[in-house]
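Atom set for the values below is all heavy atoms of this structure, side chains included, hydrogens, waters and symmetry mates excluded.
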Amino acid sequence: MNKSESIELRAEKDRLAEIISLIEKRFASVKESQGGVRQDVTEIRQTFWDDVTVNIDNTEDAVETLASIRQQAELLSERERAHGHMNRQLKTLSLLKDSPYFGRVDFHEDGEPTSDIIYLGISSLMDDAQENFLIYDWRAPISSIYYDYSPGPAQYETPGGVITGEMERKRQYIIKSGQLKSMFDTGITIGDEILKEVLGQNADNQMKNIVATIQKEQNTLIRNDKNRYLVVQGAAGSGKTSAALQRVAYLLYRHVHEIKADNILLFSPNPLFSSYTATVLPSLGEDNMQQVTFFDYMAKLIGEDYKVSDPFEQMEYVLRGKEDELYEARIEAIRFKNSLEYKGLIDRYIQSLSKEGLQFKNIVLRQKTLISSAEMANYFYSLDPSLSIQSRLQSVKEWLLKELYRIEKIERKAEWVEEEIELLDTKDYIGTYRSMRKRKSYTEDTFDDFDREKNELAKKVTHKYFKPIRIAIKQHRFLHVKKMYKDLFQNNITDRLRIEGDTTLPKRWEEIGKLTRREISQNRLPYEDAAPYLYFKEELEGTRSNRTIRHLFIDEAQDYSAFHLEVIQRLFPNCRMTILGDMNQAIYTHSYGAPTLLSPELYPADETEKIILLKSYRSTRQIIDFSSKILSQVQIEPFNRNGALPVLYKQEDEYASFRLINQLLEHLQNGGHQTIAIICKTQNEADAAYEQLKVKDDVQLMDKSIYRFTKGILILPAYLAKGIEFDAVILFDASKEKYGHEHERNLLYTACTRAMHELHILTCGEASPFLKAIPTDLYEIK
């Protein structure tokens with residue numbers, strides 16, 4: 001290091017020390033102020049009613065009392081908000097103290113006499129006078145030049161227009177625990193030195209934020225604020241999910257007065273993934289958005305009438321159920337029921353129900369039919385046929401509630417009501433008496449009001465029985481959606497709808513109908529029927545739109561069909577969408593040769609931007625070169641990080657495989673790897689492997705019910721590993737028997753691309769043909 005470099009390093013260290021000192025002082029100041037605010041909140045809560053004068057003797061006094069309560073409530077609310085704001089300040093200051101900033105740019109704006117020195121961190125920090133920025137938030141407009149430009153001409157957008165100038169320097173820092181570990185001046189977007197250090201680290205059981213290493217193409221994804229639909233096709237390990245989470249933080253910053261964390265929803269591929277990403281936004285000082293799987297969201301709307309099969313059950317069947325005589329029919333069903341052709345069939349069915357065939361349920365009380373399904377059907381079809389089904393069902397609902405009220409009044413005199421009254425507890429009688437006294441239903445000089453009391457008790461009994469019926473009617477449960485959906489698979493109905501719409505049905509449609517009717521009769525709904533059934537139900541009853549969600553993120557978008565998109569757009573009519581995925585990881589049957597959410601033709605061209613991320617940062621060059629050859633056509637640019645070649649082991653039987661796995665685990669752990677995945681094809685295979693390996697203390701079996709994992713050895717099926725990365729991967733059995741069909745190619749590729757540093761592949765018997773096609777110089781054989 002020369003003298004000038006030493007002086008500059010000393011200056012940077014001195015500045016860092018000053019910044020940390022300021023952060024510590026500000027933290028102490030906010031902490032002290034928060035204590036006072038907390039005490040205010042406690043005192044207001046304890047003395048709330050002491051400071052309120054309650055007087056409701058007349059209207060004027062009641063209004064004054066209400067105003068007094070409102071004033072006290074507003075004071076409490078203001079203090080609670082202040083306490084919450086201070087709590088967020090303390091959280092952000094704690095994060096800044098560990099690593100106040102990660103980058104610096106010296107920018108000379110055109111027309112200005114001097115350059116600005118801009119330090120970038122996860123949040124802004126101003127001087128004590130609140131006049132100058134000591135640190136700029138990475139999401140601020142000027143910060144974008146750090147990600148988008150090399151030293152030289154640069155520009156950034158502001159609400160007032162484009163600012164141009166010259167970037168004179170770009171510097172990157174590695175700061176840990178308040179200490180400057182290293183710094184680099186760089187001429188490229190993000191220097192290889194920083195990336196290599198970050199990417200060379202061990203995998204964690206939690207995803208980290210990437211604000212210090214955001215690449216130019218990722219920054220474009222993060223800051224896109226123009227398009228309703230942002231579609232991102234990203235190679236495995238390209239950082240699309242990480243960038244999407246930084247995008248959430250950017251949106252919360254950019255639209256701070258319009259969007260809160262509760263207005264953003266992420267459809268994640270599984271609960272394990274939700275846990276894996278849960279710490280990213282808090283590490284940026286933001287609250288987490290809502291996360292749920294699309295399956296869970298649909299199942300909640302479908303209700304409890306069915307046990308809805310999840311996508312993992314479907315995946316297990318596809319991978320293991322080849323011996324089932326209806327296997328081919330189920331495969332055809334999965335593909336057809338995810339298509340827009342099937343949606344068209346359902347649309348024509350709904351149109352036909354407008355004229356005839358709508359099914360209702362009898363409304364029954366104590367085995368007595370109060371209103372029959374035939375009466376409801378007659379009333380529905382007596383209404384103006386030009387009205388929509390939903391409008392007429394609304395009229396039916398209102399008519400039913402009126403009829404129910406009329407019937408309830410009659411039922412109060414029924415014998416069963418008298419019997420129920422005799423079974424009432426003493427507290428019910430006392431409660432009725434007090435209620436009548438309060439309403440002054442009793443005379444002042446006598447209690448001889450037996451008939452009146454009996455009538456009140458009869459009201460109480462009938463209300464108890466009729467209330468759940470009223471609730472069910474309001475929820476449209478008088479409509480027999482299940483029977484109508486099942487009837488769609490009757491040949492006479494299907495043939496008529498097929499002819500009307502010129503629809504080509506699958507060859508095995510009769511078997512599909514048999515299979516579907518069987519499942520529905522047993523109150524089971526296969527996953528391929530979940531979206532169509534929900535669509536059918538919502539089109540009849542009215543869509544329960546979620547208008548609080550302003551932005552929807554969909555990860556692993558290649559797993560969603562065109563039909564899924566139709567349902568999502570109806571459920572979230574006003575929101576923008578960020579859609580991320582990788583067609584090379586399309587492992588579900590309905591994705592083969594069919595549109596997915598990554599298909600741009602599904603979106604309006606003038607509202608859509610598509611971004612392609614080709615560069616992979618997760619794995620070493622050797623793992624990427626090897627994995628990419630599994631696919632017939634794929635474009636992936638590996639980041640220049642070298643490591644060991646993948647290793648292929650040919651084993652005679654499972655006994656030899658387990659012996660080798662134990663040796664590999666010891667080797668990998670001795671090498672410092674902290675997260676090691678043994679990836680199997682199915683859950684059954686994972687369960688069997690766990691039984692053999694569970695004697696080791698840190699072995700964890702993962703299945704769809706697991707919400708989080710810790711470091712160690714994980715055994716899991718390949719489809720649950722999507723979106724997660726591990727230091728090392730052992731592929732349990734990549735034989736021809738396990739990965740021999742074309743639809744298993746992408747699953748094999750997905751499993752291999754989970755590895756960051758080492759990849760070990762075992763085969764029992766003949767290797768998969770997808771491995772045989774890989775040039776032998778890209779891996780070792782042992």
Side-chain angles (χ1 to χ4, degrees), residues 298-308 346-347 349-385 387-411 414 416-417 461-490 492-494 497 513 516-526 529-544:
M298 285 197 298
K300 185 175 181 180
L301 291 176
I302 288 170
E304 298 178 356
D305 290 341
Y306 289 105
K307 181 187 183 303
V308 187
I346 291 175
D347 286 339
Y349 183 38
I350 292 170
Q351 191 175 5
S352 74
L353 293 173
S354 180
K355 301 171 186 176
E356 62 176 342
L358 209 62
Q359 302 288 327
F360 297 90
K361 299 176 186 175
N362 292 332
I363 294 178
V364 178
L365 174 66
R366 295 171 61 88
Q367 300 181 328
K368 174 185 175 183
T369 299
L370 304 180
I371 306 171
S372 71
S373 59
E375 288 177 277
M376 284 181 261
N378 289 336
Y379 186 86
F380 177 87
Y381 287 111
S382 72
L383 298 170
D384 184 352
L387 294 173
S388 68
I389 290 179
Q390 293 177 15
S391 296
R392 283 185 276 172
L393 284 176
Q394 180 64 27
S395 296
V396 171
K397 181 169 70 176
E398 293 168 1
W399 170 71
L400 285 174
L401 291 171
K402 288 178 183 177
E403 282 294 291
L404 205 64
Y405 180 70
R406 180 183 65 80
I407 294 168
E408 183 180 353
K409 290 178 69 176
I410 295 171
E411 286 294 308
W416 70 268
V417 176
V461 169
T462 54
H463 178 76
K464 172 188 171 184
Y465 280 89
F466 277 76
K467 182 179 179 182
I469 299 176
R470 273 192 290 272
I471 292 172
I473 288 172
K474 290 176 182 178
Q475 295 173 344
H476 286 97
R477 294 179 67 183
F478 58 87
L479 196 62
H480 210 324
V481 181
K482 182 185 291 186
K483 186 176 188 307
M484 286 184 283
Y485 188 75
K486 184 179 176 183
D487 285 348
L488 176 58
F489 297 91
Q490 300 290 352
N492 61 325
I493 293 177
T494 307
L497 296 173
T516 307
R517 291 194 301 272
R518 183 190 73 188
E519 291 296 297
I520 291 176
S521 296
Q522 296 176 7
N523 296 322
R524 295 197 300 258
L525 197 65
D529 283 290
Y533 181 85
L534 180 59
Y535 176 82
F536 179 64
K537 178 180 171 70
E538 301 273 302
E539 285 294 293
L540 291 177
E541 299 177 357
T543 303
R544 287 163 285 180

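When side chains are defined from C-beta on, Lys486 does not count as touching Lys483, because their heavy atoms never get closer than 4.5 Å. Here the side chains of Ile520 and Tyr533 are not in contact, with every heavy-atom distance at 4.5 Å or above.
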Pair Met484-Leu540, side-chain contact (heavy atoms from CB on, under 4.5 Å): steps then yes or no: CA-CA 11 Å; Met484 286 184 283; Leu540 291 177; 3.8 Å; yes

Step by step, work out the side-chain contact (heavy atoms from CB on, under 4.5 Å) result for Leu393 and Leu358. CA-CA 10 Å; Leu393 284 176; Leu358 209 62; 4.1 Å; yes

Which is it for Leu400 and Tyr379 under the side-chain contact (heavy atoms from CB on, under 4.5 Å) test, yes or no, and what are the steps along the way? CA-CA 10 Å; Leu400 285 174; Tyr379 186 86; over 6 Å; no

Under the criterion side-chain contact (heavy atoms from CB on, under 4.5 Å), I'd like the reasoning laid out for Val308 against Met298: C-alpha separation, chi angles, the key distance, then a yes or no. CA-CA 9 Å; Val308 187; Met298 285 197 298; over 6 Å; no

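In this structure Phe380 satisfies the ring pair (Phe, Tyr, Trp, His ring centres under 6.0 Å) test with no other residue, sequence neighbours excluded. For Phe360, the ring pair (Phe, Tyr, Trp, His ring centres under 6.0 Å) test picks out no residue, with sequence neighbours left out. With sequence neighbours left out, Tyr465 forms a ring pair (Phe, Tyr, Trp, His ring centres under 6.0 Å) with Trp416. In terms of the side-chain hydrogen bond (donor to acceptor under 3.5 Å, both in side chains) criterion, residue partners of Asp347 (sequence neighbours excluded) are, by chain and number, Lys343, Tyr535. Applying the salt bridge (Lys or Arg N to Asp or Glu O under 4.0 Å) test to Arg477 and every residue at least two apart in sequence or in another chain returns nothing.
Residue Ile407 forms a side chain to side chain contact (heavy atoms under 4.5 Å, CB included) with just one option from Ile371, Leu365, Thr462, and that option is Ile371.
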List the atom pairs, with distances to 0.1 Å, where a side-chain N or O of residues 468-476 and a protein N or O form a donor-acceptor pair under 3.5 Å, not counting sequence neighbours.
residue: Arg470; atom: NH1; partner: Glu408; partner atom: OE1; Å: 2.7
residue: Arg470; atom: NH2; partner: His463; partner atom: ND1; Å: 3.3

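Interatomic distance, CG of Leu401 versus CZ of Phe466, reported as 12.0 Å (0.5 Å rounding). Atoms CG and OH, from Leu488 and Tyr349 in turn, are 6.0 Å apart once rounded to the nearest 0.5 Å. For the atom pair CD (Gln351) and CD1 (Ile389), the distance works out to 9.0 Å, reported to the nearest 0.5 Å. With rounding to the nearest 0.5 angstrom, the CD1 atom of Ile302 is 12.5 Å from the NZ atom of Lys307. Put simply, OH on Tyr405 and CD1 on Ile410 are 12.0 Å apart, with the number rounded to the nearest 0.5 Å. Note that CG of Leu525 is 10.0 Å distant from CG of Asn523, once rounded to the nearest 0.5 Å.
A donor-acceptor pair under 3.5 Å is absent between the side-chain atoms of Glu538 and the main chain of Phe536, judged by distance alone. With Gln490 contributing its side chain and Asp487 its backbone, the two residues share no donor-acceptor pair below 3.5 Å.
Looking only at atom types and distance, the side chain of Gln390 has no donor-acceptor partner in the side chain of Gln394 under 3.5 Å away.
Ion pairing between a basic and an acidic side chain is recognised when a charged N comes within 4.0 Å of a carboxylate O; Glu411 and Lys368 show such pairing.
Looking at every heavy atom in both residues, Trp399 comes nearest to Glu375 through CH2-O, 4.1 Å. Contact record, Pro385 with Ser354: O-OG, 4.4 Å, taken as the closest heavy-atom pair. Of all non-hydrogen atoms in Met376 and Ile363, the two that sit nearest each other are CE-CG1, 4.0 Å. When all heavy atoms of Arg544 and Leu301 are compared, the pair lying nearest together is NH2-O, 2.9 Å. What you find for Ile350 and Glu539 is that their closest heavy atoms are CD1-CB, 3.5 Å.
By the 6.0 Å contact criterion, CD on Glu304 is open, its count of non-hydrogen atoms from other residues, nucleotides or ligands being 12 or less.
Taking the ring axis of Tyr306 as reference, the NZ or CZ atom of Lys482 stays within 45° of it and closer than 6.0 Å to the ring centre.
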